[in-house]
Amino acid sequence: QVQVVESGGGLVQPGGSLRLSCAASGRTFAGLGMGWFRQAPGNEREFVATISGNGGLTSYADFVAGRFTISRDNAENTGFLQMNSLKPEDTAVYYCAVGRGPGLRRANSAYDTWGQGTQVTVSS
């Protein structure tokens, strides 16, 4: 079983950047797809980005529009989400998740390991 812990959230001004980290422990997650999701108050959890187990493939939600980059360092059992040009509507709790297989996954149901989330607040 893999466990994950997110970090790197915080308060940032509009137009600013943050880099979220997802540290995995337990069974290695090198062969498993990873995803980032977010949930704003009153909203359902939504897909942000996903990366394949070997890091060779990525997929993003339309609202990312080239502002975010998902990556991973399998040697360090860590995933990342670089977020640039942040907007107030990006404010949410961001969750890291590890999938059951190596491929890209956009659905919540495809993931069985979730972190506790890290708060991202974009405000002036």
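The figures that follow rest on heavy atoms only: side chains count, while hydrogens, waters and symmetry mates do not.
Within the 4.5 Å cutoff, the side chain of Thr113 has no heavy atoms near those of the Gln3 side chain. Here the side chains of Val120 and Met83 are in contact, with some heavy-atom distance below 4.5 Å.
Put simply, Phe80 and Leu86 are part of two different groups of oily side chains (I, L, V, M, F, W, Y) that touch within less than 4.5 Å, one to the next. Placement of Val64 and Trp36 within a single hydrophobic cluster is found when ILVMFWY residues are connected by side-chain heavy-atom separations under 4.5 Å, directly or transitively. Using a 4.5 Å cut-off between side-chain heavy atoms of Ile, Leu, Val, Met, Phe, Trp and Tyr, with links allowed through other members, Phe63 and Tyr94 fall into the same hydrophobic cluster. There is a path of hydrophobic side-chain contacts, each under 4.5 Å, that joins Val12 to Val48.
Here the shortest heavy-atom pairing between Ser17 and Asn84 reads OG-OD1, 2.9 Å. Nearest heavy-atom pair, Arg38 versus Ala92, reported as atom, atom and distance to 0.1 Å: CB-CB, 3.9 Å. The minimum heavy-atom distance between Phe37 and Arg106, with the atom names listed, is CE2-O, 3.7 Å. Nearest heavy atom pair, residue Ala49 against residue Leu81, reads CB-CD1, 4.3 Å. When every heavy atom of Ser124 is checked against every heavy atom of Pro14, the shortest pair comes out as N-CD, 3.7 Å. Across all their heavy atoms, Tyr95 and Trp114 have their closest contact at CB-CE3, 3.9 Å.
Considering CZ of Arg19 and OG of Ser71, their distance stands at 6.0 Å, rounded to 0.5 Å. Expressed to the nearest 0.5 Å, how far CZ of Arg67 lies from CD of Gln82 amounts to 12.0 Å. To the nearest 0.5 angstrom, Cys22 atom SG is 12.5 Å from Asp73 atom CG. Here the CG-OH distance, from Leu104 to Tyr60, works out to 10.5 Å after rounding to the nearest 0.5 Å. Note that CG of Leu11 is 9.0 Å distant from CG of Leu18, once rounded to the nearest 0.5 Å. Expressed to the nearest 0.5 Å, how far CG of Asn43 lies from CD of Glu89 amounts to 12.0 Å.
Residue-environment remark: CD (Glu76) stays at or below the threshold of 12 foreign heavy atoms within 6.0 Å. Around CD of Glu44, the count of heavy atoms belonging to other residues, nucleotides or ligands within 6.0 Å does not exceed 12.
Cation-pi geometry between Arg105 and Tyr111 is not met at under 6.0 angstrom from the ring centre and within 45 degrees of the axis.
Side-chain N or O atoms of Thr78 include none that pairs as donor or acceptor with a backbone N or O of Ala23 at under 3.5 Å. Side-chain atoms of Asn74 come within 3.5 Å of backbone atoms of Gly53 as a donor-acceptor pair (strictly under, hydrogens ignored). Judged purely by atom type and a 3.5 angstrom limit, Glu6 uses its side chain to pair as donor or acceptor with the backbone of Gln116. Judged purely by atom type and a 3.5 angstrom limit, Thr50 uses its side chain to pair as donor or acceptor with the backbone of Met34.
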